[in-house]
Protein chains: 2
Amino acid sequence: MGLHLITAMNALSEPNRFQIVELLRDGPLTVGEIAVKLGMLQPQTSKHLRVLNKAGIVKVEASANKRIYHLQQEPFQDIDAWLGSFRQLWNDRFDRLEDYLKQMQENENNN
Amino acid sequence: MGLHLITAMNALSEPNRFQIVELLRDGPLTVGEIAVKLGMLQPQTSKHLRVLNKAGIVKVEASANKRIYHLQQEPFQDIDAWLGSFRQLWNDRFDRLEDYLKQMQENENNN
DNA sequence: TCAGAATATTCCTGTAAAGGAATATTAGTG
DNA sequence: CACTAATATTCCTTTACAGGAATATTCTGA
């Protein structure tokens, strides 16, 4: 468990790759388009896309001699699911805080 | 924007640090307790906690000569907020797919 | 103040990964 | 079959970072 998560977050925690992901939210793009829009060289763009691809964050679609990259949902859903358990945690803690405050209130009234 | 995110994800994308975070979900722990529970040496534990601390993921509370580390919500909320925009994206795409299918259905009926 | 426990820091070393430059690959076109 | 465009890969160098071992720091209690 958690291995996909770590791989995905590792891939996303590189500024250029993060930017690529942000860019691809507006829709699929070719390597050249990404490189131009982000002001990076083509080889590094390809290399970063390779990492993103291995992490399952993007997928490629070949069209002639162009390669069109687009986002993939799964890794984001994985991260989201993991964060979900944290939301649960914070909510539980908040509930206990409420109970505590309520308890204090009642004790106050019994004086 | 996004810089905190990248820092947080980078900190989380190291297996040992990820484990530390998972462990701290059950409540605050001292360095020694973390080291024992995860079978790692104290110095490396301290070093990883330093990284997590700088990323805002954990905070320290001094108690005598012990240091008690506990999770912090903010980074997780940041990641969650970022993912939120993706949820929006997927939903929009799904809506458009529904529209498309509905359109096809209608065209089918008009033949 | 000294001893010991808990933690932090430093130094060293090995390794993974990123950028630059050059080159290889693949597909379309005349 | 050249020729070109688009992309991928390789090689090299540099840098960041993790682990190990040793040492420094901080706090407590006698």
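So you know, we letter chains A, B, ... as the sequences are listed, proteins then strands, and number each from 1. Heavy-atom basis, side chains included; hydrogens, waters and symmetry copies ignored.
Phosphate proximity of dA18(C) to Q44(A): absent, as no side-chain N or O sits under 4.0 Å from OP1 or OP2. Checking the phosphate oxygens (OP1, OP2) of dA6(C), no side-chain nitrogen or oxygen of Y69(B) falls inside 4.0 Å. Phosphate proximity of dC27(D) to R67(B): absent, as no side-chain N or O sits under 4.0 Å from OP1 or OP2. One finds no side-chain N or O of T45(B) lying less than 4.0 angstrom from the OP1 or OP2 phosphate oxygen of dT7(C). A sub-4.0 Å separation between OP1 or OP2 of dG19(C) and a side-chain N or O of N16(A) is present. In terms of phosphate contacts, T30(B) brings no side-chain nitrogen or oxygen within less than 4.0 Å of OP1 or OP2 of dA6(C).
Contact check of residues 47-55 of chain A against DNA chain C (heavy atom, cut-off under 4.0 Å) returns K47(A), H48(A).
Distance CD1/I20(A) to CD1/I57(A): 10.5 Å, rounded to 0.5 Å.
When each of N53(A), V51(A), T45(A) is tested with L49(A) by the rule side-chain contact (heavy atoms from CB on, under 4.5 Å), just one qualifies, namely T45(A).
Using cut-offs of 30° and 60° on the angle between ring planes, the pair F86(A) and F76(B) is parallel.
If you check dT26(C), dA8(C), dT7(D) against the side chain of N65(A), the one that comes closest is dT26(C). Relative to the side chain of K66(A), the nucleotides dT9(D), dT28(D), dT7(D) differ in distance, and dT7(D) lies closest.
With respect to R87(A) and D80(A), a salt bridge is recorded, a charged nitrogen being found less than 4.0 Å from a carboxylate O.
Heavy-atom nearest nucleotides on DNA chain C were determined for G32(B) and for N10(A), and the one closer to the 5' end corresponds to G32(B).
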